[in-house]
Structures are given as structure tokens and as C-alpha cells.
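Okay, so here's the structure we're looking at.
For reference, positions follow the sequence shown, starting with 1. This one's a predicted model, so the numbers in the text were calculated from it and none came from an experiment.
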Amino acid sequence: MRPLTDHTPKPLLEVGGKPLVVWHLENLASAGVKHVVLNTSWLAGQFEPALGDGSRWGLKLSYVYEGATPLETGGGMHNAMQTLQEGCSADAPFIAVNGDIWSDYDFSRLPDHLTGLAHLILVDNPVQHPKGDFALADDGQVHSTGTQTLTFSGIGVYSPRLLDGWQHVIGDAPGSEATPPRFKLAPLLRHAMQDRRVTGAHHNGHWTDVGTPDRLAALNVALA
């Protein structure tokens, strides 16, 4: 996303007249969420001045700094868990949303309770990711492979128990020995899929992985 992200972190890039992350905050607030934890790394100091404490959306907004090197999705969840669990039970599920996507998916459609360890929102494969990530069965189970695959949208609901035993699953992957640890989420999801503990749903509406300036520009045109 350079040069756009040389001076602005990607979630604060504007689309449709407001930062990407604000679209998420508005959607979360509309869904009844009260506490949002924002993981930060690159240009972390820009977020709080731009977003404040979240009160303008009726939210409590907490910031967790991952360090100069981002912790990947799994490591980011692990690092934020104590803050995520403030004011709720240790096994309460939580929503996680990638900060560099845009979608018209309504977060109020996400389940309040999980039958397994995770519930993923999947979308049609974009041109830049034609092979997809996972397969969605008719019964709502998500599998690592299948004849027809979809792309993980970056929107999901997770049980904290998904992170139990993460070291056994991740092994000696680079970053796992760091403090705080840095590791990907996908291996944990694939491990849980083996026990049929990941469900999902297909969103056939609008979704964009804002990974290039061209995609950002195209999204701005679409939202206009």
C-alpha cells in the first residue's frame, strides 16, 4: 500500500469519506458490541488521536500495542486476550475483524454462541486469491480442503479456547519463541477443523481486501 501507508496506517486510510476502521466500529456498535480492542503496530500513535476512547460510537475502545513487528492474527489475539476479557467471563466468545478489509456484512448476523471453537465468514474468491482458503459444507462445517473453496473474509467469532495449547499446534514456527509470541491463526483453525469444531457462513455481498492502492481507489469509486 505504499506510498499511502508511509504516513498513515492502513486501517486509517479513508474510503467513502471515513477511515476503514470506522466502518468496522460503526458496524460493531450497531450489532450491540460495547468493548472493542484495537491491536496496533505501524504508526500506532495515530490511532488514539483519530479515534479517541470510542464514546462517539457508544463503545469503549482499548488499544493494545503489539510492538514494532506485528504479531500475526493468532499472536495478536493471544497478546490482547487479557484486555479482551475485561468485564466478561474467561470463556466468552469474541469477534475479530481484520482492519484492512471493507464489507457490507452485517455483524449483527454473527452468532452469539459457538457450537465449536470458531465461526468464520467466507466470501467468493477474489481475483488475487483464486484458490481460496477453506471449504464450506452444507451442514455449516468448515474444512481445510474441498472441491469448492471460499476465501476467509477476516471476519469471525472465536472462543478463547481456540488458543489453548497453541504452542503444540504451532511448534517451532518462526516467531513462536518471541515475547510476546508471534504466530498465524490458520494452523489453529485447521487443527480445530479436524475435530469439526469450526463452523462458517457464506457472505455473497460486497467485500474487499484493501491490499493495493488500486483496490482502495476502486472501493472509493464503488462507495461513491
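Atom CD1 of I155 sits about 10.0 Å away from atom CZ of R109, to the nearest 0.5 Å. Interatomic distance, CD of E14 versus OG1 of T8, reported as 9.0 Å (0.5 Å rounding). Here the OG atom belonging to S103 is positioned 11.5 Å from the CG atom belonging to N98, to the nearest 0.5 angstrom. Rounding to the nearest 0.5 angstrom, the gap separating the CG atom in L20 from the NZ atom in K10 is 9.0 Å. Here the OG1 atom belonging to T208 is positioned 9.5 Å from the CG atom belonging to L216, to the nearest 0.5 angstrom. Annotation: the span from H119 atom NE2 to L114 atom CG amounts to 8.5 Å, rounded to 0.5 Å.
S159 contributes no side-chain N or O that, together with a main-chain N or O of P93, makes up a donor-acceptor pair within less than 3.5 Å. Distance alone, capped at 3.5 Å, is enough to place a donor-acceptor pair between the H24 side chain and the I101 backbone. A distance-only check finds a donor-acceptor pair linking the side chain of S176 to the backbone of G171 [under 3.5 Å]. For the pair D100 (side chain) and P11 (backbone), a donor-acceptor distance under 3.5 Å is absent.
In this structure F94 satisfies the ring pair (Phe, Tyr, Trp, His ring centres under 6.0 Å) test together with Y158, sequence neighbours excluded. Among residues two or more places apart in sequence or in another chain, the salt bridge (charged side-chain N to carboxylate O under 4.0 Å, His left out) test is passed with D209 by R215. Residues satisfying the side chain to side chain contact (heavy atoms under 4.5 Å, CB included) criterion with A218, sequence neighbours excluded, are absent altogether. Under the rule for a side chain to side chain contact (heavy atoms under 4.5 Å, CB included), the partners of L223 that lie at least two apart in sequence or sit in another chain are V15, W23, W102, L219. Scored by the side chain to side chain contact (heavy atoms under 4.5 Å, CB included) test, S89 finds D91, A92 as partners (sequence neighbours excluded).
Side chains of T212 and D214: no donor on one and acceptor on the other come within 3.5 Å.
Among residue pairs with one or both ends in residues 146-167, none qualify as salt bridge (Lys or Arg N to Asp or Glu O under 4.0 Å); sequence neighbours excluded. The stretch residues 148-160 participates, sequence neighbours left out, in no salt bridge (Lys or Arg N to Asp or Glu O under 4.0 Å) pair at all. Applying the ring pair (Phe, Tyr, Trp, His ring centres under 6.0 Å) rule to pairs touching residues 51-72 yields nothing, sequence neighbours excluded.
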Side-chain donor-acceptor pairs under 3.5 Å in residues 25-32, sequence neighbours left out?
unit_1	atom_1	unit_2	atom_2	d
E26	OE1	K18	NZ	2.7
E26	OE2	K18	NZ	3.4
N27	OD1	F107	N	3.1
N27	ND2	Y105	O	2.7
S30	OG	E26	O	3.0

What side-chain donor-acceptor pairs closer than 3.5 Å can you find for residues 77-87, not counting sequence neighbours?
unit_1	atom_1	unit_2	atom_2	d
H78	NE2	W166	NE1	3.4
Q85	NE2	A90	O	2.8
E86	OE1	K60	NZ	3.3

Which donor-acceptor pairs under 3.5 Å do side chains of residues 181-196 form with protein atoms, sequence neighbours excluded?
unit_1	atom_1	unit_2	atom_2	d
K184	NZ	E72	OE2	3.4
R190	NH1	S144	O	3.4
R196	NH2	D139	OD2	3.0

Side-chain donor-acceptor contacts of residues 120-128 below 3.5 Å, not counting sequence neighbours, with atom names and distances?
unit_1	atom_1	unit_2	atom_2	d
D124	OD1	H202	NE2	2.8
N125	OD1	T151	N	3.0
N125	OD1	T151	OG1	2.7
N125	ND2	P130	O	3.2
N125	ND2	T149	O	3.1

- [ ] Could you please spell out the steps behind the side chain to side chain contact (heavy atoms under 4.5 Å, CB included) verdict for V142 and T199?
- [x] CA-CA 5 Å; V142 179; T199 58; 5.5 Å; no
TODO: For side chain to side chain contact (heavy atoms under 4.5 Å, CB included), just list the numbers for D53 and L61, CA-CA rounded to whole Å, side-chain angles, deciding distance to a tenth of an Å, and then say yes or no.
DONE: CA-CA 5 Å; D53 61 2; L61 186 54; 5.5 Å; no
Task: Evaluation steps, side chain to side chain contact (heavy atoms under 4.5 Å, CB included), between Q46 and L12 - done: CA-CA 9 Å; Q46 293 191 21; L12 290 181; 3.9 Å; yes
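Side-chain contact check for H35 versus S62: some heavy-atom pair is nearer than 4.5 Å.
The hydrophobic clustering, which links ILVMFWY residues whose side-chain heavy atoms are closer than 4.5 Å, places L71 and V37 apart. Cluster annotation: F152 is connected to L163 through the hydrophobic network of ILVMFWY side chains, with a link wherever side-chain heavy atoms come within less than 4.5 Å. A continuous path of ILVMFWY side-chain contacts below 4.5 Å connects V169 to L117, so both sit in one hydrophobic cluster. In terms of hydrophobic clustering, with Ile, Leu, Val, Met, Phe, Trp and Tyr side chains grouped at heavy-atom distances under 4.5 Å, F134 and V157 are assigned to different clusters. In the hydrophobic cluster analysis, where Ile, Leu, Val, Met, Phe, Trp and Tyr join through side-chain heavy atoms closer than 4.5 angstrom, I95 is grouped together with V22.
Sparse packing is recorded around CD of Q148, with 12 or fewer heavy atoms of other residues, nucleotides or ligands lying under 6.0 Å away.
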